[in-house]
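Following: one structure in structure tokens, then a few remarks.
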Amino acid sequence: MMPFDLFPNGGTEPLGIPDMGDNTSRKSYGIPTFQLCGYYCAYCGADLHKDYQSWLSITIDHVVPRATRWAEQHRDWIEDLFNRVTCCGACNAFLNRFACQDQPPNTTDEFIEIRDRIFRAKCERVRQRHHEERMWFETNVAHHI
């Protein structure tokens with residue numbers, strides 16, 4: 001299941017750009033995303049509202065990255081709620097520098113196809129990175145605890 005399935009119209013139509021408020025995802029611009037997507041990481045499923053420490057790691061991820069070479073051309077789609085998901089800090093860090101190689105979309109439908117493909121690719125990258133990180137932790141840290 002895609003997180004966008006929970007959005008109005010299955011995430012197939014723009015929902016608007018949230019107000020930046022105080023420029024924090026936890027207390028401001030992320031709240032509409034959390035309300036749409038839930039308080040769980042869209043990539044790893046971590047519960048981000050079970051306690052204070054979890055809450056501190058709640059972020060949002062622009063599925064089609066803001067750094068996409070055609071982002072300025074399609075800023076309204078990139079910044080829209082239908083391109084954002086709830087994300088934990090670890091997964092967000094694992095996804096830094098994720099590059100979109102797609103050609104610029106001409107329609108909202110094309111953008112959604114790109115978004116959904118990127119979301120699936122990001123899920124796979126997160127799965128691999130969590131595995132690598134867990135293996136490193138088990139080898140280098142866990143036995144010292």
Using atom types as modelled and distance alone, determine if a side-chain donor or acceptor of [X] lies under 3.5 Å from a backbone N or O of [Y].
X	Y	result
Trp55	Arg26	no
Thr59	Cys87	yes
Arg117	Asp102	no

Any salt bridge linking Glu132 with Arg129? Criterion: basic side-chain nitrogen under 4.0 Å from a carboxylate oxygen. yes
Approximate separation, where rounding is to 0.5 Å, of Phe7 CZ and Thr33 OG1: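 Between atom CZ of Phe7 and atom OG1 of Thr33 there are 6.5 Å.
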Side-chain heavy atoms of Thr68 within contact of His62, under 4.5 Å: no
Using a side-chain heavy atom cutoff under 4.5 Å and only I, L, V, M, F, W and Y, what cluster partners does Leu56 have? Tyr52
Under the rule for side chain to side chain donor-acceptor pair (under 3.5 Å), what residues qualify as partners of Ser54, not counting sequence neighbours? Asp51
Can you find a side-chain donor-acceptor pair between Asp109 and Thr107 that sits under 3.5 Å?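 Not at all, the side chains of Asp109 and Thr107 share no donor-acceptor pair under 3.5 Å.
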Test salt bridge (Lys or Arg N to Asp or Glu O under 4.0 Å) applied to Asp80 - qualifying residues, sequence neighbours left out: none
Stepwise side-chain contact (heavy atoms from CB on, under 4.5 Å) test for Phe111 and Ile78: CA-CA 9 Å; Phe111 180 82; Ile78 298 280; 4.1 Å; yes
Would one find more than 12 heavy atoms of other residues, nucleotides or ligands at under 6.0 Å from atom CD of Glu124?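 It does: Glu124 CD has more than 12 such atoms within range.
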